[in-house]
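Below you'll find the structure, written out as C-alpha cells, and then a few comments.
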Amino acid sequence: MNRVCGGMRLSRYFLPILRETPKEAEIASHRLMLRAGMIRQEAAGIYAWLPLGFGVLKKIEQIVREEQDRAGAVELLMPTLQLADLWRESGRYDAYGPEMLRIKDRHERELLYGPTNEDMITEIFRAAIRSYRDLPKNLYHIQWKFRDEQRPRFGVMRGREFLMKDAYSFDIDEAAARLSYNKMFVAYLRTFARMGLKAIPMRAETGPIGGDLSHEFLILAETGESGVFCDERVLDLAIPSEDVNYEGDLSPIIRQWTSLYAATQDVHDQARFEHEVPPPRRLQTRGIEVGQIFYFGTKYSVPMNAVVSGPDGVERPIHGGSYGIGVSRLAGAIIEAFHDEAGIKWPEPVAPFRAMILNLKQGAADTDAACEKLYAALAAHGIDTLYHDLDERPGAKFATADLIGIPWQILVGPRSLGEGKVEVKRRTDGTRELMSPADALARLSV
RNA sequence: CGGAGUGUGGCUCAGCCUGGUAGAGCACCUCGUUCGGGACGAGGGGGUCGCAGGUUCAAAUCCUGCCACUCCGACCA
C-alpha cells in the first residue's frame, strides 16, 4: 500500500543500526527501536521516524484505517493547530492545564497544538448537520498530537508528540450513541487482533475528557504502565470476524467481552474480583494502554450548541463519543510483545518488509546472481523484500536481520547454493529449511 | 510536580577528586589477508570536553548561573 516498489536494497536504504544500546533506553521496545534505526530522538518525547520505523508506522496506521472504515467511520484530516477561542467556547481552554502547548502567531492570536479534537470536530459537525436524518455519523482522523507530558519516557510509548487515531461519533440520543460506541468497541477488538495483539477491553475511568462510559484496551506486558486485574478467560475470547455485521446487533459481542472481570488498578475492586473470579483464573499483571473509547453524551454539544432537529421538530444537543488509538505507541507496544534477546520479531501484518535476502558472500558471481534473481522474483510477486547487499560478513548480516526482525530471512550462501538451494528462516521461531529458490518464492507467496 | 543523576568524536565510556599538550573500544577511510552467527593486521581522519561567566600563568578538571537530557515516584493515546 505504501511502498510503491516491492523491494529495497540495503545499499540504497537508510538503516542506521546501532551496535551498542544508547544509555537512555530502559525498556526493550525503546532499546530496539533505537538500535534498529527506527527512530531518532530529537527532544524529550519527540522523535524522528526513520525509514524502517516509518514503514511500521504506516502499516499500523493502515490496519487502523481499514477497520475504522469497515465499521462505518469516515476519514478526514483536521489541522494540528487550533484556535484558543474554540477551546474557550467548550470551556476547556483553562481546564486543560500545562499539558497543552499554547503558542501565538504573528498577530498575537492565541493558538494551541491540539492534544485532542473534540472541540474542533464538534465545530465542524454543527456547521453542517441540522437534522436527525443525517445521523448517525462517525468522523475520524489520524493526526499528530502534542501533550506536554511532565515526564515523557519509554521512547514512543509515552512521547509528547504522538500519532493518534481519534474518531468522534454523533447521535440523536443516548441509545443511538451506545450503538456507535459498540461499533467502535468491535472495531477495536479486530484492529488489535490484526496486529497479532491480545488487547483486553477494561472498564476505565473517563479522565479529563469526561463522560460516563469508557473502556481502555490494554495489551498485557510486564513493562506496561498500568496494573491490571482480569479473569484469564478473556484471553481466549473469540475476535469478531471480518464479515461482522456492524449494522446488526453487536450487543452479544459486547456482553461477552464485558461480562468477565477485567479492570485497571484505577477502578479495580478487589472484593468483586475475588467474588467473581476463582483463584486459578485470577490474572494480575501489567498492561500497555493502546486505545480508549468514551461515551460523553452532551458534554461538548451543549456548551458549543451542536444541535439537530429531531422527528418532532425540536432541536436537541447531539450525543457524542470519542475513540482513540495510539498509533505511534502501538509500534512500541508491538515490540514489547514480540522480541527476544537478538531483536524484534515483527508480526507479519505490521512488518516493515515481509522478507529479507541475506547474500552471505557478496561479490561472488553465483550468490550475487542467485540473490538478484530471487529479489526480482519476489518483487514481481509483490512481496516487500529488503535485500542485504552490503559487503559484510555473514555473522554481521545475521545479527542485523535478527535485530530488525523481518519475518522471513532467505539465506543465500555458497554452502546451500552448491546444492541449488537457499535457506528459509523464520524469525519468530528460528526454524530454517533448505529449499530451491522456486520453492522459497512459493512459500512466501502464500 | 517532588526526588536522584548525567552532559567528553556517530555509539559506549575513561580522564575530573589532586588544574599542566584530550584518551580507549566500537563505528568510519585506505591497503592486505579473511568470509555460514557481529574477523585480523598495518596505516589514517574526526572532538569549540552542553552554554555563559568567574578564579588562575594555565580549566574537560575548581566556583557561579543557565540549558538540555535521563532515571525513580504522583498524572495521560
Side-chain angles (χ1 to χ4, degrees), chain A residues 16-27 30-31 34-35 37 40-46 60 64 96-100 114-117 142-167 188 192 199 204-209 214-219 225-226 264-266 288-294 322-333 341-343 358-364 367 390-403 409 411-418 422-423 425 430 432 434:
Chain A
I17 298 274
L18 301 180
R19 196 159 165 176
E20 289 176 89
T21 303
K23 63 182 172 193
E24 71 268 20
E26 282 297 308
I27 64 170
H30 190 195
R31 204 161 56 226
L34 289 168
R35 286 200 54 216
R40 176 165 176 82
Q41 181 170 344
E42 295 298 332
I46 299 177
I60 295 169
V64 170
Y96 213 89
E99 265 196 6
M100 188 155 70
T116 178
N117 284 68
I142 300 172
Q143 176 65 291
W144 292 92
K145 305 292 190 292
F146 192 90
R147 294 183 189 175
D148 202 353
E149 295 276 348
Q150 299 172 39
R151 191 183 160 203
R153 59 179 134 176
F154 300 151
V156 302
M157 299 270 279
R158 183 153 170 190
R160 290 193 293 170
E161 187 183 52
F162 58 95
L163 187 61
M164 180 166 88
K165 184 285 299 181
D166 40 325
Y188 276 35
F192 300 122
E205 284 187 328
T206 53
I209 293 180
S214 176
H215 286 89
E216 290 180 351
F217 287 73
L218 291 101
I219 66 168
E225 289 195 87
S226 314
T264 62
Q265 61 194 7
D266 297 335
I288 301 167
E289 185 188 342
V290 290
Q292 183 161 15
I293 58 180
F294 296 95
S322 68
Y323 314 90
I325 289 179
V327 175
S328 49
R329 173 181 283 184
L330 272 167
E341 280 305 302
L358 307 189
N359 186 342
L360 300 184
K361 190 155 185 170
Q362 201 74 42
T367 53
L390 300 179
D391 185 18
E392 287 180 3
R393 297 164 61 84
K397 293 196 177 189
F398 294 141
T400 296
D402 288 348
L403 175 62
Q409 297 173 11
L411 318 187
V412 182
R415 207 161 77 189
S416 49
L417 210 53
V422 298
E423 200 168 344
K425 178 186 164 189
R432 16 177 114 205
L434 272 176

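Letters A, B, ... mirror the listed sequences (proteins, then strands); counts begin at 1. Computed from heavy atoms alone, side chains included, the values below leave out hydrogens, waters and symmetry copies.
Searching all strands for a Watson-Crick or G-U wobble partner of B:G5 with both distances below 3.5 Å returns B:C69. B:A52: Watson-Crick or G-U partner is B:U64, with both key distances under 3.5 Å. In a base pair of the Watson-Crick type (N1 to N3 plus N6-O4 or O6-N4) or a G-U wobble (N1-O2 and O6-N3), with each distance short of 3.5 Å, B:A14 is matched with no nucleotide. Nucleotide B:C76 is matched to nothing when pairs are restricted to Watson-Crick or G-U wobble geometry with both distances under 3.5 angstrom. Across all strands shown, the partner of B:G41 is B:C31, judged by Watson-Crick or G-U wobble contacts whose two distances both fall under 3.5 Å.
When the side-chain nitrogen and oxygen atoms of A:Arg393 are compared with OP1 and OP2 of B:A39, one or more of them lie within a distance under 4.0 Å. Between A:Arg19 and B:A27 there is a side-chain N or O to OP1 or OP2 distance below 4.0 Å. Close to B:C1, at under 4.0 Å from its OP1 or OP2, lies no side-chain N or O of A:Gln150.
Of the candidates B:G73, B:G36, B:A77, B:A77 carries the atom nearest the A:Arg158 side chain, counting heavy atoms from C-beta on. Listed nucleotides: B:C76, B:U70, B:G38. Nearest to the side chain of A:Ala396: B:G38. Here the nucleotide nearest the side chain of A:Lys425, chosen from B:C69, B:G37, B:A77, is B:G37. The side chain of A:Arg153 approaches B:A74 more closely than any other nucleotide in the set B:A74, B:C35, B:C69. Among B:C76, B:G38, B:G36, the nucleotide with an atom closest to any side-chain atom of A:Glu99 is B:C76. Proximity note for A:Arg151 (side chain, C-beta onward) versus B:G37, B:C76, B:C71: the nearest is B:C71. Across B:G38, B:C75, B:G37, the shortest atom-to-atom separation from the side chain of A:Ala399 is found for B:G38.
Counting non-hydrogen atoms under 4.0 angstrom, A:Gln362 reaches nothing in the nucleic acid.
The aromatic ring of A:Phe162 is stacked on the base of B:A77, with the two ring centres less than 5.5 Å apart and the planes inclined by under 30°.
One donor-acceptor pair, N or O on each side, does fall under 3.5 Å between the base of B:G36 and the side chain of A:Glu423.
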